[in-house]
Each structure stands twice: as C-alpha cells, then as structure tokens.
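Along the sequence shown, residues carry numbers from 1. For ligands, and for the atoms within them, numbers begin at 1 and follow the listed sequence. Values reported hereafter were calculated over all heavy atoms of this structure, with side chains retained and with hydrogens, waters and symmetry mates removed. Since the structure is predicted, the reported quantities are computational estimates derived from the model, not experimental observations.
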Amino acid sequence: MPRLTRTNPSTKVNFSKHNIFSKIAGSDNYFIVNLLTGNADILSADEGNQLSEFLKGSINNPALQKELEAKGYIMPEEDEKRLYRAKYLDFIDAREKDEVQLFFVPNYSCNFACTYCYQDEYANPREHTGREVVDAFFNYIGVEFAGRKKYITIFGGEPLLNSASQKEQIRYLLEKSNEAGLEVCVVTNGYSLEEYIDILKTGLIREIQVTLDGTAAVHNQRRFLKGGGPTFDKIVKGVDACLANNLPVNLRMVADRENISDLPGLAKFAIDRRWTLNPLFKTQLGRNYELHHCQATPNNLFSRISLYEAIFDLLQDHPYILEFFKPAFSISKFLAENGNLPDPLFDGCPACKTEWAFDYTGHIFPCTATVGKADESLGTFYPELSRNISRINEWENRDVTSIDGCSSCSLQLACGGGCGSVAKNRTGQVCSTDCRPVKELLELGFATYLNT
Ligand code: SF4
Ligand code: SF4
C-alpha cells in the first residue's frame, strides 16, 4: 500500500459495505477482507493506521484510493449491488447442486448419561424402528431428493447400542443405503464400536463421528454410562478398531469451561497414538451450548468468541494442538490453506436446504438441532405423507437477504445469518439473526495462520 499524505478532506468514496477491517490479535498489523470481491490483505501498522483514517474520510490520498478501488474495497454502489445479486444467484445455483445430508434417527435412547445431554428430556416411547419405517424413509428420500447428490447420517440417541435387535436395525439401514447407492455417516458415542465393526464394514461408510471430551479422567467425568461406569478406554479401542478396518473417524470434542484445559492433553494423546498421522482420522471441536433446555451448570458454557479465545490462548503454549485440531477462526483457516477466500456465504444454515432430519416415529424435521422436538416437526413420511408447507417455506427462505438486520451487516457474507434454530430459540422466529463474532474470530485467525 502507498504512503499517505494528509490533505484536504476527501471527496466521498463508496467503501464496500462488505469490508471487514481490524487489527490482528497480538500484533501491530491489520487485515482487510472482502468476501464479495474475494480480496484479502495484511497491512503493516502504518498502512493500517492510514487506512483507518481514510475509512473515516479524514485523509485524501488518490494513490491509496486507486489501490483500494483496484481490489474492490472501494467500488461504486451500483456496481456493488450488481455484483451482490450475481454472487447471490451463483450461491443459490451452487446450493441446488450441493449434496444433501439426510439424518435418520432410529432411536432416541442411549446407554450414556452425559452431564450435558440435550436429549435427556426426550421421551423414548419405543425402542425399535420397524423395517416398514426404514422402507418408508428410503421411499420418501428416493422421490423427494431424486436426482440430488445425497448421503445418510445415522444419528440418535445412540444408534450403535449393543443389542441384537439394534444391530439388526443398523444392518438393515446399511443394506437399504447400499441398495440406494448412498454413503453413510454414523454419529455415535463410540462405546460399542468394536462390536459393530463387522456390520459397519457392510456399508459404504463415509465417516464415523465419535466423541471424546478429553483424556480418560476428564472424559469419564462427563461422559459415563447410565448408572455410572467409565467409557474412555472402550471408545479408544473402538477408534483403533475403525482405523484398523479402514473406517474413517471424525473425533469430536464437546468443549466448555470444565474441559477446555484438557485440549492439549487430548491432542497429545491422539498424536502419541499416531491417530493424527492416519489420513482416515480427522477432528472437530463443538461448543457445548444451551440447545433445548437449561444446562445443569450454565456458567460452564462458553460464548462463541470466548471458546475461540481460550483455544487461541492454549495454542500459544501448546502449538502442537494444531496437529490435532485446526480451528477455522471464521474463514481464516480456509484462506491460509487455499490461498483464496471461500465464496460468499449468503446462508449459514443448511436446514431444509441441504439438510433434513427424519426419525423412527415417521416425523420430518429441519435438521439435527431440531430433530425429536415435537413442535419442530414439519410433517410425516410415515405412516402417511404430510407436510407443513408454510413452515418448510419459512426455513427454506431464511438467508441474509431475508433476515432483517443482516442486510446492512458488513459480516453477512462470512456469517450467513448463523443458525436458524438458535435464532428461533432466542426470538421465536426462524428468520432472525444468530450473530457470529466474525471480526473477532478473524483477528485470532490471522494471528494464527496468516501473520507471517
Ligand atoms: S446474523 Fe448478525 S452477524 Fe450474522 S450477518 Fe446477520 S446481523 Fe450480521
Ligand atoms: S438450524 Fe442450526 S443446527 Fe440446524 S441446520 Fe441450521 S445451522 Fe445447523
């Protein structure tokens, strides 16, 4: 960026409303990102200070203005609107070709009694899914999502319960998925994985998602068997068995203030066990949050930004955590790994667009966050077909162009309006905001991945 000289107040220029500009955490440098035009830059302290003044309109510098125009940080309002419309249409087109994730819940029952389970208040009136429900599910998705790329995710409760009848149900689900040529993910607590390996090997398994909340002592305090009893060692053996049998594992840690300090310990455990060297192994970290009812200990919960601040702090002392888990820090990880920004995100919530959920009672729901909540049902696929079209439309139409409050937000193309379910829990409206701390996350992400 050129050096600036202070002159008369500038003629008015149109700074793109999609510029995200801030200081990199722990550094004197700044960043500027614009997801509409796909540009991102790191600025020295001097350049950043001058740009701050320029953004306030207190500096007139034709050379800087020219450079900002060339990169689309300044552009005529009409051009910006035109580009926004074009990119929005591209987004809708791409989404229509996107793969759809179809969750199926064969039961809500579980053999664990995790301290923070949001499903512990669900009624579990019936343990077993009849074949006719599974058949109805495959008939429904075969018609409704004909011609769409799709895959199935088996979810619970705990779908891999160690009983003969449950094993039979999972075997049948995999058989039907094979017939339909569909890959399957399984979300499990991992306790009975070893007992399921032979059954899982009959399916086109894309991934097994297993949760470990820390090393043995920490995990066992949070995720124990109903009636008590540790689960860590058995889950670890299950993960080993999956990897040994070429079943990809996605290890998830659910984090709050109670266990975050064990992230370095869990990372070290996975590294020492050579999991992190296995191309079939990946990880994710989920924030424990109040989904449906009050947590026993809500003070333990992180806000979105405080979780990532805690991870950022841990990374300073334990950089090897990155071998185990690389936080996204909004779009920073993507930018660092790909050398370019992702496409603008006009909608961060896939519910009723590229995600649907179905359960063994025959009900249809928008997504995993809403599945099993009677008042969130959108209709039934069994025993008969029924659909609440106006409620489905409400979910389908939700994006940053339809949410009041998002239209003037500079973060919209990174945030996408957040989660419809969280928004609805907060305001009663699906079509309302669930704000993401994009700027603060980018401050941390640029510091972690890009400020070199
Ligand atoms: S949800 Fe909030 S942060 Fe996200 S785009 Fe809308 S107004 Fe902006
Ligand atoms: S409502 Fe929330 S949890 Fe459900 S699909 Fe949307 S973003 Fe995901």
Sorted by chain and residue number, the side chain to side chain donor-acceptor pair (under 3.5 Å) partners of N111 (sequence neighbours excluded) come out as N189
Do you see a donor-acceptor pair shorter than 3.5 Å between the side chains of [X] and [Y]?
X	Y	answer
N39	N34	no
N250	Q209	no
Y30	N49	yes

Side-chain heavy atoms of F103 within contact of V371, under 4.5 Å:
no
query = Can you check whether S109 reaches E158 side chain to side chain, under 4.5 Å on heavy atoms?
reply = no
Heavy-atom proximity to atom 7 (S) of ligand 2 ranks first, among C352, G416, C419, A357, for C419
Counting from 1, what ligand 2 atoms have a heavy atom of [X] closer than 4.0 Å?
X	answer
C349	1 (S), 5 (S), 6 (Fe), 7 (S)
S421	1 (S)
W395	1 (S)
C367	1 (S), 3 (S), 4 (Fe), 5 (S)

Atom 3 (S) of ligand 2: closest protein heavy atom, distance to 0.1 Å, is A369 CB, 3.5 Å
Atom 8 (Fe) of ligand 2: closest protein heavy atom, distance to 0.1 Å, is P350 CD, 4.0 Å
* **Validation row, ring centre Y84 to ring centre H18 under 6.0 Å** => yes
For F112 together with F224, are the ring centres under 6.0 Å from each other?
no
The protein N, O or S atoms lying under 2.8 Å from atom 8 (Fe) of ligand 1 are C409 SG
Check your understanding: K150 side chain to R148 main-chain N or O, any donor-acceptor pair under 3.5 Å?
Key -> yes
TODO: In plain terms, say whether D347 and R95 are close enough for a salt bridge, that is, a side-chain N and a carboxylate O under 4.0 Å apart.
DONE: yes
Here the atoms of ligand 1 under 4.0 Å from any heavy atom belonging to D434 are 1 (S)
